[in-house]
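Comments concern the structure below.
Just the heavy atoms: all of them, side chains too, but no hydrogens, waters or symmetry mates, feed the values below. These numbers come from a predicted model, not from an experiment. Atoms within each ligand, like the ligands themselves, are counted from 1 in listed order.
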Amino acid sequence: MRRTLFVASAMFLCGIVFPRPNFTQEKAASTEPKMTEEDTAKKNPIPPTAESLAEARKMFGYNCAMCHGKTGDGKGDLAADMKLELRDWRDPASLEKLTDGELFWIISNGKGKMPGNGERDKERMRWNYVNLVRSFAKKDAAAADKPKTENPQP
Ligand code: HEC
């Protein structure tokens with residue numbers, strides 16, 4: 001009798017002490033980042049230098065070129081696989097309407113199929129990317145101004 005009582009009360013207690021977990025899915029759609037006017041107006045604090053661009057180009061090769069292409073033409077292998085339609089940054093008109101702040105925000109947070117890099121790359125590096133992305137067009141424009149010389153490449 002005693003034993004039965006003990007077992008019964010133990011079972012009873014378990015029901016109280018271990019209530020069923022509540023699996024409500026409060027996944028945070030509302031915390032998804034949104035670009036604000038402040039973000040759009042942000043100025044690039046990092047001046048483009050040969051050094052910072054070289055550093056950005058190296059990381060771009062690892063993290064971005066598979067989609068955006070080594071030259072920024074938007075024709076990376078992964079972009080082709082994913083059937084992405086990317087801007088050709090060699091065309092100066094392609095990014096004309098976007099501010100540095102917007103580019104920085106997209107690089108940091110991602111947009112659509114583009115993954116964000118806010119956790120992988122430091123803030124300084126993300127501004128470096130902005131400079132690099134802008135430079136793809138400038139480089140071509142500068143090259144077009146140069147007098148045509150023999151191409152030294154084999
Ligand atoms: C999986 C493919 C993919 C990778 C990897 C990727 N991007 Fe993108 N990126 C996109 C897509 C798609 C868009 C267009 C997003 C939209 O407008 O919906 C985009 C947009 C951008 C934009 C905004 C301007 C524009 O052309 O629309 C910038 C700047 C940018 N990417 C930079 C980068 C940088 C820098 C990296 C590497 C750190 C990177 N991306 C890696 C797919 C990618």
* Asked: Considering E102, R126, K113, H68, which one's heavy-atom position lies nearest to atom 40 (N) of ligand 1?
  -> H68
* Asked: Judged by modelled atom types alone, do N63 and Y129 share a side-chain donor-acceptor pair under 3.5 Å?
  -> yes
* Structure fact -> NZ of K42 to CH2 of W127, rounded to nearest 0.5 Å, is 6.5 Å
* To do: Return the option from Y62, W89, F104, F60 holding the heavy atom at the smallest distance from atom 28 (C) of ligand 1.
  => W89
* Would you say the side chain of M125 lies within less than 4.5 Å of the side chain of N128, judging by non-hydrogen atoms? -> yes
* **D39 side, atom CG; L103 side, atom CG - distance, nearest 0.5 Å** => 12.5 Å
* Which distance, rounded to the nearest 0.5 Å, do you find between the NZ of K111 and the CH2 of W105? -> 8.5 Å
* Quick one: does ligand 1 sit under 4.0 Å from the side chain of L86, the backbone, both or neither, non-hydrogen atoms only? -> side chain
* Can you sort out which atoms of ligand 1 are near I106, meaning under 4.0 Å from one of its heavy atoms? => 21 (C), 22 (C), 23 (C)
* What is the closest protein heavy atom to atom 5 (C) of ligand 1, and at what distance does it sit? -> N63 O, 3.4 Å
* Asked: Which part of L95 is near ligand 1, with near meaning a heavy atom under 4.0 Å away: side chain, backbone, both or neither?
  -> side chain
* Does the N or O separation between N117 and ligand 1 drop below 3.5 Å for any pair? -> no
* To do: Look at the N, O or S atoms of C64, main chain and side chain alike, and state whether any lies under 2.8 Å from atom 8 (Fe) of ligand 1.
  => no
* **Mode of R87 contact toward ligand 1 - side chain, backbone, both, neither (heavy atoms, under 4.0 Å)** => side chain
* For ligand 1, which atoms sit closer than 4.0 Å to a heavy atom of L103? -> 24 (C), 29 (C)
* Any side-chain donor-acceptor pair under 3.5 Å between E37 and T40? -> no
* M59, portion touching ligand 1 at heavy-atom distance under 4.0 Å -> neither
